[in-house]
Student: 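Here you go, one structure.
No hydrogens, no waters, no symmetry mates; every other heavy atom, side chains included, goes into these values.
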Amino acid sequence: MLDLIILSLHFFICFLISLTIWYGPKVCSSSTGPAGMEPDGLILIGKEDDIKRSQRVTAKVNGREVVVFYHKGKFHALDSHCYHEGGALRLGEIEDINGQACIVCPWHKYKITLETGEGLYEAINPLEPSPTPKWQSKGVKQRIHKVTIDNGKVYVSPPDLSVSFDSDYFADKYKNKGDLALEK
């Protein structure tokens, strides 16, 4: 009988510990300093002025690496690793393509819109009399994250994982590893 009580107590304690881990505070890190989950579920990334000065910053959002860009007066956040082969987008250059700000992956030059996460490619229609290259969309490939500015601070919403994107593979593969997990 005593064994049954001890075993039940053990399971109850394990249950309480798992609840504490599951529902406990989520702490994140950012290259701009400490970040954490706010009561409304947003993740603090850093001070607005600091990010405007640096133009980009990486942070952990629920264990996944996210890069926040400040470009032409707007903040954009997306998964830090390229959907193609996991290139470090935080090292990429931003180009304007047909009026859209795009990050260019430093590994294979894949172009991803900052606003929507669409992959872009240049193609021609050989059936046209004078085929000229035009930019086309591959569809949304890179997960983007909602950015909120409040009281001079930049926040990112946790990802909605009910919808999947190609970039999720690398976000999961390198989850909870350092910023430099995929340097080439």
Side-chain angles (χ1 to χ4, degrees), residues 28 30-32 35 37-38 40-48 50-125 128 131-150 153-175 179 181-182 184:
C28 302
S30 164
S31 61
T32 60
M37 186 174 283
E38 296 294 311
D40 54 3
L42 298 176
I43 309 298
L44 174 64
I45 302 302
K47 293 179 183 176
E48 181 179 6
D50 292 343
I51 298 172
K52 282 181 177 179
R53 260 191 303 282
S54 68
Q55 303 288 302
R56 63 186 71 191
V57 65
T58 56
K60 294 287 185 174
V61 175
N62 291 1
R64 99 195 266 132
E65 190 175 293
V66 171
V67 60
V68 178
F69 294 101
Y70 179 73
H71 181 71
K72 293 188 177 179
K74 293 175 111 181
F75 287 92
H76 306 275
L78 30 92
D79 283 350
S80 182
H81 299 290
C82 179
Y83 72 90
H84 174 237
E85 284 193 15
L89 294 179
R90 65 187 167 72
L91 301 175
E93 296 296 320
I94 296 175
E95 286 183 10
D96 182 68
I97 298 174
N98 287 347
Q100 298 182 84
C102 297
I103 186 70
V104 179
C105 180
W107 287 8
H108 302 109
K109 308 304 178 209
Y110 275 57
K111 288 151 180 63
I112 303 162
T113 64
L114 294 178
E115 194 75 33
T116 64
E118 286 179 273
L120 298 182
Y121 68 100
E122 205 169 21
I124 61 167
N125 181 352
E128 287 180 3
T132 56
K134 293 181 183 159
W135 288 100
Q136 305 289 322
S137 173
K138 297 177 185 179
V140 177
K141 301 291 189 175
Q142 196 76 22
R143 180 178 296 279
I144 60 168
H145 303 268
K146 183 177 183 244
V147 178
T148 303
I149 312 299
D150 186 33
K153 294 182 181 170
V154 177
Y155 299 88
V156 170
S157 298
D160 173 12
L161 298 176
S162 66
V163 179
S164 64
F165 296 93
D166 291 3
S167 66
D168 290 340
Y169 173 79
F170 290 102
D172 290 340
K173 184 174 181 176
Y174 295 99
K175 195 170 187 174
D179 269 351
L182 279 178
K184 258 193 176 178

Student: Lys153 vs Asp150, test: salt bridge (charged side-chain N to carboxylate O under 4.0 Å, His left out). Steps then yes/no.
Tutor: CA-CA 5 Å; Lys153 294 182 181 170; Asp150 186 33; over 6 Å; no
Student: Counting C-beta onward and ignoring hydrogens, is there a side-chain heavy-atom pair between Ile45 and His145 closer than 4.5 Å?
Tutor: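 A side-chain contact under 4.5 Å is absent here.
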Student: Side-chain contact test, heavy atoms from C-beta onward, threshold under 4.5 Å: evaluate it for Tyr121 versus Lys138 and give yes or no.
Tutor: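 When only atoms from C-beta onward are counted, Lys138 and Tyr121 do touch, with a gap below 4.5 Å.
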Student: Could you tell me the separation between the CG atom of Asp96 and the SG atom of Cys102, rounded to the nearest 0.5 Å?
Tutor: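 Answer rounded to 0.5 Å: 7.5 Å.
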Student: Quick one: does Ile94's side chain get under 4.5 Å of Arg56's, heavy atoms only?
Tutor: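 Yes, at least one pair of side-chain atoms sits under 4.5 Å.
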Student: Check residues 112-119 and write down every donor-acceptor pair under 3.5 Å in which the side-chain atom is one partner and the other belongs to a residue at least two apart or another chain.
Tutor:
| from | atom 1 | to | atom 2 | distance (Å) |
| --- | --- | --- | --- | --- |
| Thr113 | OG1 | Thr116 | N | 3.4 |
| Thr113 | OG1 | Thr116 | OG1 | 2.6 |
| Thr113 | OG1 | Gly117 | N | 3.1 |
| Thr113 | OG1 | Glu118 | N | 3.1 |
| Glu115 | OE1 | Lys74 | NZ | 3.2 |
| Thr116 | OG1 | Glu118 | N | 3.3 |
| Thr116 | OG1 | Glu118 | OE1 | 3.1 |
| Glu118 | OE2 | Ser137 | OG | 2.5 |

Student: From His81 NE2 over to Lys173 NZ, what is the distance, rounded to the nearest 0.5 angstrom?
Tutor: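 Those atoms lie 10.5 Å apart.
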Student: Just verifying a value: how many Å separate Leu120 CG and Lys111 NZ, rounded to the nearest 0.5 Å?
Tutor: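 Those atoms lie 9.0 Å apart.
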Student: Taking the six-membered ring for Trp, are His84 and His108 parallel (under 30°), tilted (30 to 60°) or perpendicular (over 60°)?
Tutor: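 Plane angle over 60°, so perpendicular.
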Student: Mind checking what makes salt bridge (charged side-chain N to carboxylate O under 4.0 Å, His left out) contact with Lys52, not counting sequence neighbours?
Tutor: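 Listed in chain order: Glu48.
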Student: Measuring only between side-chain heavy atoms, which start at C-beta, is Val66 closer than 4.5 Å to Ser80?
Tutor: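 In short, these two side chains do not touch, never coming nearer than 4.5 Å.
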Student: CG of Asp168 to CG of Asp79: how many Å apart, nearest 0.5 Å?
Tutor: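 So the CG of Asp168 and the CG of Asp79 are separated by 6.0 Å.
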Student: Rounded to the nearest 0.5 Å, how far apart are CD1 of Ile51 and CZ of Phe69?
Tutor: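 If we round to the nearest 0.5 Å, Ile51:CD1 and Phe69:CZ are 12.0 Å apart.
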Student: Using every non-hydrogen atom in the two residues, find where Trp107 and Glu85 come nearest and quote the distance to one decimal.
Tutor: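 Closest approach of Trp107 to Glu85: CZ3-O, 3.3 Å.
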Student: Does the side chain of Tyr70 come within less than 4.5 Å of Val57's, by heavy atoms?
Tutor: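 Val57 does not reach Tyr70 side chain to side chain.
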Student: Nearest 0.5 Å please: distance from the CG atom of Asn98 over to the CH2 atom of Trp135.
Tutor: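 These two atoms lie 8.0 Å from each other.
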